[in-house]
Structure formats: C-alpha cells, structure tokens
**Q** 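Below are the structure tokens for one structure; questions will follow.
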There are 2 protein chains.
Amino acid sequence: MNQVKQTKRTTIYDLAELAGTSASAVSAVLSGNWKKRRISSQLAEKIMRIAEEQGYALNMQASLLRREKSHIIGMIVPKYDNRYFGSIVELFEDMARARGLFPIITCTRRDPQLEVEAARTMLSYQVECLIATGATDPDRITEMCAAAGVRSLNLDLPGALAPSVISDNFAGARELTRRILKNSEQRLGKMEPLLFIGGRGSDHNTAERIRGFREAHADLGVAVHEENILACGYAPEKAEKALDERALGGNALPKGMFVNSTISLEGVMRWIRRSDHLDDRSLVLGCFDWDPFVTLLGNGIEMVRQDVPGMLNKVFELIESGANKPVVIQVPPLIPEAQEA
Amino acid sequence: MNQVKQTKRTTIYDLAELAGTSASAVSAVLSGNWKKRRISSQLAEKIMRIAEEQGYALNMQASLLRREKSHIIGMIVPKYDNRYFGSIVELFEDMARARGLFPIITCTRRDPQLEVEAARTMLSYQVECLIATGATDPDRITEMCAAAGVRSLNLDLPGALAPSVISDNFAGARELTRRILKNSEQRLGKMEPLLFIGGRGSDHNTAERIRGFREAHADLGVAVHEENILACGYAPEKAEKALDERALGGNALPKGMFVNSTISLEGVMRWIRRSDHLDDRSLVLGCFDWDPFVTLLGNGIEMVRQDVPGMLNKVFELIESGANKPVVIQVPPLIPEAQEA
DNA sequence: CAACCTTGCTCAATCGATGAAGCAAGAATT
DNA sequence: AATTCTTGCTTCATCGATTGAGCAAGGTTG
C-alpha cells in the first residue's frame with residue numbers, strides 16, 4: 001500500500017560501505033578524476049555500478065561547500081511574456097550548460113525590490129556571476145555583487161558600474177522610424193510625424209530609441225511635436241490608456257506609430273480594434289521587438305528583432321575574458337523585411 | 001581588521017571575531033531565532049549592525065547542508081516560446097516565493113535526455129519537490145525522484161506514477177471543435193469535417209484532444225476521415241511541412257482547422273500566407289492555446305485558453321496536502337468568446 | 001640486498017552554518 | 001547557607017564531498 005519512506009538519501013559513505021572501500025575512493029571515482037587519484041579501473045567500475053544501482057545523486061550543497069568554484073551562473077529577467085526575453089532565457093540556459101555552468105534564472109517583474117531580493121538570494125547560492133537583464137536598477141545589483149566579490153553583467157539595459165551588452169537602440173530605432181515613415185509616405189502619399197508609444201522615459205533603451213526616432217524624422221525633414229512621444233510604460237493597458245487620453249486631447253492621432261515593444265503593441269492593437277481602425281490600411285505601424293504573429297497581422301507592421309544570439313555571445317565573451325570595466329557593447333538589431341499581407 | 005581582502009567572502013566566523021563573540025551566537029542572531037537561543041538584544045543588535053556593515057551574505061550551501069529541509073522547489077518546462085509556458089513559469093515562481101520556497105526552473109526543449117539530466121541536477125540541489133511540466137517521459141522522472149525520496153508532480157502532461165494536473169483536454173477540444181464547426185457552417189453555409197494539426201500522437205493531451213475533436217464531429221453528425229488528423233509535432237516547420245504534404249496528396253484541404261498549439265499555428269499561418277489564403281474568409285480556424293496577437297489576426301480564430309492559475313493552485317494544493325497517489329486532476333480550460341475582426 | 005619508485009588505496013582536515021549540550025555567574029527559593 | 005533556577009553565552013559534533021598527506025605492498029634499480 002504505502003510506499004516505504006526513504007528517510008535518508010544515499011551518500012558516498014553508503015556506497016563506500018557497499019563497495020567495501022572508502023568514501024574518498026567513491027568521491028574520486030564519481031567526480032571523474034579517479035585516474036589522477038590512482039584508483040584501479042576495477043574498483044572504479046565496481047563503484048560506478050553500485051552507484052547506478054542505488055540511484056545515487058550527488059549532494060551539491062556538500063560538494064559546493066568544499067569546492068572553491070560553484071559553477072552556478074545566475075540571471076534575473078523582467079518577464080517571460082514575450083519572445084525577446086523568452087529566447088534570451090532559453091538560449092542563456094543552453095549556452096551556460098554548454099560551458100559546464102548551472103544556470104539559475106528568476107523573474108523579477110520589473111520590480112526593483114524583487115530584483116534586490118533575487119540578487120541577494122542568488123549570492124547566497126554562491127553564483128559566480130550574475131546577469132541582470134533589463135534591470136530597473138542595475139547599479140544597485142552590481143554593488144551588491146561587488147560586495148560579495150561576485151562578477152556581474154548587464155544585459156538589455158546598461159549600467160554604469162559593470163559591463164553591459166545591449167542592442168544598438170539608437171540605430172535600430174532610427175532605421176525602424178525611417179521605414180515606417182517611408183511606408184507612411186507610400187500609403188498616404190505624404191510623410192507625417194509618427195507617434196512614439198510605450199516604454200519608460202527613464203530607461204536608457206527608451207531614451208535612445210526616442211533619440212533615433214527624432215533623428216530619423218530630422219533626416220527626412222519631418223518635425224515631431226513633443227506630444228507625439230508617449231513613454232507610458234510597458235504594460236498593454238498603459239498603452240491603451242495613453243492612446244485614449246491622447247485621442248481625447250482634441251487634435252487627431254497620427255496615422256503612423258512606433259511601438260516600443262510587443263507588449264505595448266498588444267495594447268495598441270486592442271485600442272485600434274476598439275476604435276474600429278483594424279482594417280484601416282492607412283495605419284502604418286512599426287514595433288521595436290519581434291513576434292511571429294505580428295508578421296501575420298496583415299498591416300505590414302515593420303519590426304526590429306533584437307539579436308539575442310549575438311548579445312549572448314558577447315555576454316559569454318565578457319565572462320570568459322574576465323573583463324570588469326563598465327563598457328557598453330551595442331549589438332546591432334536585425335531588421336527583417338516586412339512582408340505586406 | 002577591516003575589509004581589504006576581497007578574495008574570501010565574509011562568514012559567521014569573521015563576524016564573530018569582529019563582534020567578540022562566537023559563531024554560534026552569530027548564527028542564532030542572523031537566522032532570526034536568537035530569542036529562543038537566549039541571546040541578549042544588545043549582542044543581537046551589535047551582530048546585526050556588524051553583519052550589515054560587512055555586507056554579509058549567508059552561504060546557502062553550508063546552511064542547506066546542515067538543515068534537513070532545502071525549501072527548494074524545482075520545475076522543468078519544455079519551452080519558453082509561448083504564452084502558456086511563459087505564464088506557468090512566471091506564476092509558479094510567484095506562488096513558490098509566496099510560500100517561502102525557492103523556485104528553480106529549467107527548460108528541457110522537449111528532449112527526453114535533457115529532462116533526465118535536468119532532473120538529476122535538481123535532485124543534486126536537494127529540491128524538495130519537482131514539477132515535471134509537459135515532460136516527454138514523466139514516469140522516468142517520478143522514478144528518479146522516488147529513488148531519492150523526493151516528491152514529484154506532473155503538470156500539463158500526466159504520468160502514471162505521480163499526481164498530475166492537466167487541462168481537461170477532451171472537453172476543451174470538443175467545445176473548440178464545436179465552435180469551429182459552427183463558424184464553418186456560418187461562413188461556408190455547410191459543415192465540413194475539419195483538419196486536426198499539430199502535437200504528438202503519442203502524448204496524452206494530443207490523444208485526448210483528438211478524441212474531443214472526433215466526438216464533436218460525431219455530435220454534429222459530421223464524419224471525419226483518418227487523413228484529417230495530422231499530429232505532426234509541435235514545431236512550426238513541421239506543421240508547415242505536413243500541410244504541404246497533405247496538399248500534394250491530391251484531394252483538397254479542409255477549409256476548417258483545429259490547430260493544436262500556438263506554436264503549430266505559427267506554421268499553419270505561414271503556410272496559409274504562402275498559399276495566398278491569408279485573406280480567405282472561408283478559412284475557419286481554432287487553436288488549442290491562447291496568444292494575444294492571434295485574437296487580432298482577423299480571421300476570427302477561436303482559442304482555448306488553459307487555466308494556468310487554476311492549474312497551479314491545484315499543484316500547490318497537492319504539494320501542501322502531501323498527496324502522492326497518481327491521480328489525474330483535470331482543470332477546465334477557458335474558452336473566451338472569439339471576436340470577429 | 002638496500003634504497004627508491006610506483007600503484008592503489010585510506011585517513012583526516014576542511015568548507016560554513018546549525019543546534020544540542022553544557023557551563024559559569026547571578027538570582028531566587030528553601 | 002545550600003540548593004535550584006534562569007540567563008546568556010560557548011563548545012563541539014554534524015551535514016556530505018573533496019583533497020593533501022600518508023601508508024603498505026610490490027616492483028625496479030644500483
């Protein structure tokens with residue numbers, strides 16, 4: 001009926017007794033350096049067989065306590081609700097494992113308090129390196145890590161105290177804006193200033209994208225008014241609300257929009273649907289981030305796809321080089337050809 | 001005396017020396033049970049002040065080695081590339097933390113080998129409980145956990161050896177199919193058998209959904225031919241390829257499709273675009289899974305949204321109740337009203 | 001045949017935190 | 001005055017794996 005409750009887990013001492021040898025020999029065999037420890041292959045095989053039979057699993061806590069390196073690498077990430085962060089996390093895990101590291105990831109929901117707690121917890125787990133992805137206060141995290149003698153890196157959003165790998169937001173936004181303006185000219189016959197919507201005015205990426213947005217307008221000789229910049233936050237509801245408010249403002253909404261993330265695009269699309277513009281071919285959109293279904297939305301929405309493999313390659317290069325200086329490495333994003341539906 | 005050596009991390013022994021007391025007192029104070037250990041509040045305050053000054057961080061490995069409970073809860077998850085798994089992971093982390101547990105999540109890419117390795121690693125980290133989400137071989141994982149005396153649960157896909165929390169795939173698929181057939185009747189004037197595409201014929205969810213798919217056809221008196229069931233796998237390319245092959249088969253493709261995941265829907269939509277059916281209003285689609293942009297795709301695609309909070313509530317109920325019997329708990333999915341574009 | 005390797009192992013200290021047991025000094029009770 | 005109780009600490013074993021040091025047995029060399 002009832003399962004026999006296994007009170008204690010198998011340890012190397014149990015295996016040693018079963019094999020009629022010492023814990024030391026078992027450890028040497030199971031950690032793979034039995035040749036260096038001059039254990040005979042007979043004994044090694046016997047130990048490995050018994051370990052297998054007993055379903056032995058290493059106690060990492062004990063192992064890590066003794067060793068000097070934990071081989072644990074931590075990452076904090078704001079959300080899992082879009083393709084950008086999803087692919088960062090998936091590829092990060094993969095690349096970490098390929099390098100013999102154990103990745104620990106935690107989601108901090110863009111909450112500064114949670115970020116700090118998560119960082120503290122990761123330090124307790126003896127991470128060797130902590131990647132702060134899209135952190136609201138990356139420098140705080142770098143300071144905490146530094147105090148514990150742990151390396152840290154920033155990804156997606158830069159910090160002033162540790163190396164940062166980010167997209168080239170300025171160039172990406174400039175090109176995206178240029179494309180939206182061109183599309184707008186093609187569809188409406190003339191170029192009109194676009195609306196910038198989404199993101200936080202206080203974050204570096206949004207600021208740089210706004211700079212690129214302005215620059216592209218200037219390049220093409222189009223003036224942008226200040227009220228066309230709505231850095232209203234990332235959540236879909238915020239974009240929706242910002243558009244509502246802007247629409248109430250009196251003067252007509254621009255026909256073209258630069259949307260600062262797929263998450264904000266969700267809100268924008270909801271607003272568009274509500275206001276019966278969904279099939280309005282004169283609406284010209286672009287989005288700084290990529291999602292497979294957006295391609296299929298049929299409005300010929302331009303997208304910028306951030307180069308996640310490129311960014312993570314840089315991250316691991318930095319880790320392996322041991323660099324600690326607060327450089328900012330900008331990785332050019334990819335801008336696929338938008339396909340007209 | 002003061003911190004100059006950044007090579008070693010501060011331990012309770014360092015703090016003890018600085019405070020002129022014992023490591024034991026430091027441990028008692030910092031672990032919060034100094035009242036039970038009868039430490040004076042004067043000494044407690046002093047120790048806490050010094051710990052703060054030194055930026056002390058607990059060594060979790062040492063702490064966990066000594067304690068009997070790790071408070072670590074593990075989850076393996078197949079992918080991060082869709083909203084369903086994304087929200088599972090995000091909410092799981094949240095609920096785990098709310099219960100004082102430390103969540104560790106790892107992505108196994110639907111790879112049985114990786115699943116086993118991930119499970120072994122999690123056991124090494126002394127997880128108290130392991131949630132196998134959408135595992136290809138859940139029973140293998142349950143066996144590994146049982147051998148280590150660790151609890152395990154299945155989520156999304158059921159196993160025979162541990163409690164499982166899954167969607168009511170049969171009922172969800174039946175209702176989804178019914179809706180697609182009704183839409184099909186409305187748009188085409190008649191009901192024709194649908195195409196089922198995506199998923200693995202070998203997995204329980206796909207099998208149950210196919211059963212619901214057939215049942216709904218039977219309910220409405222529509223016959224489905226075997227060749228209308230294409231359980232071609234989850235990847236977008238597989239769905240795309242399966243449609244290509246099916247289209248080459250000679251007889252015309254059905255106008256209505258039941259797509260078994262958003263990931264498969266990506267492939268289906270790509271195929272539709274390629275074959276110039278994108279604006280074909282006679283195409284009637286439904287998808288077992290939810291994505292915000294799919295709502296906006298404009299084909300009036302019906303969706304089933306799996307009840308992630310409901311499922312995770314059940315998961316934590318099971319954990320807290322200590323149940324170990326291999327029951328299967330089916331959580332009804334939500335079927336929002338599809339909005340016609 | 002003594003000195004010296006080599007092989008194949010074991011012993012014991014160690015990592016840092018924890019907590020049961022114990023101890024010294026003062027307070028309270030008999 | 002002798003005993004017991006209380007307070008506020010310290011001591012030490014422990015968790016499981018790792019690893020430098022060491023040891024015994026057999027082989028090789030001078």
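Each chain gets a letter, A, B and so on, in the order the sequences are listed, and its residues count up from 1. In what follows, every heavy atom counts, from backbone to side chain, and hydrogens, waters and symmetry copies are set aside.
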**Q** Considering only NZ, NE, NH1 and NH2 on the basic side and carboxylate oxygens on the acidic side, decide whether B:Arg109 and A:Asp94 come within less than 4.0 Å.
**A**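 Judged by the 4.0 Å cut-off on N to carboxylate O distance, B:Arg109 and A:Asp94 do form a salt bridge.
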**Q** A:Val328: what forms a side chain to side chain contact (heavy atoms under 4.5 Å, CB included) with it, not counting sequence neighbours?
**A**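 Here the qualifying residues are A:Pro158, A:Ser164, A:Ile166, A:Gln330.
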**Q** Atom CD1 of A:Ile319 and atom CD1 of A:Ile131: how far apart are they, to the nearest 0.5 Å?
**A**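 Answer rounded to 0.5 Å: 4.0 Å.
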**Q** Would you check if the distance from the ring center of B:Tyr80 to the ring center of A:Phe85 is below 6.0 Å?
**A**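 Distance test on ring centres: not under 6.0 Å, no.
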**Q** Separation of B:Lys36 atom NZ from D:dT6 atom C1', in whole Å?
**A**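 Rounding to the nearest Å, NZ of B:Lys36 and C1' of D:dT6 are 18 Å apart.
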**Q** Round to a whole Å and report the spacing from CD of B:Gln126 to C1' of D:dC15.
**A**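 Checked: the CD to C1' distance equals 10 Å.
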**Q** Write down the distance between CG (B:Leu123) and C1' (D:dG16), rounded to a whole number of angstrom.
**A**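 Rounded to the whole Å, the gap is 16 Å.
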**Q** I'd like to check A:Leu65 versus A:Gln61 (side-chain heavy atoms, cut-off strictly below 4.5 Å). Are they in contact?
**A**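 No, too far: nothing below the 4.5 Å cut-off.
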**Q** How about B:Tyr84 and B:Gln306: does a side-chain donor come under 3.5 Å of a side-chain acceptor?
**A**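 Side-chain D/A pair, B:Tyr84 to B:Gln306: present.
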**Q** Find the distance B:Leu30:CG to C:dG19:P and express it as a whole number of Å.
**A**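 Atom CG in B:Leu30 sits about 13 Å away from atom P in C:dG19.
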**Q** Treat primed atoms plus P, OP1 and OP2 as sugar-phosphate and everything else as base, then score nucleotides 7-17 of chain C 5' to 3': B for base contact with protein heavy atoms under 4.0 Å, S for sugar-phosphate contact only, - for none.
**A** BBBBB-BBBBB
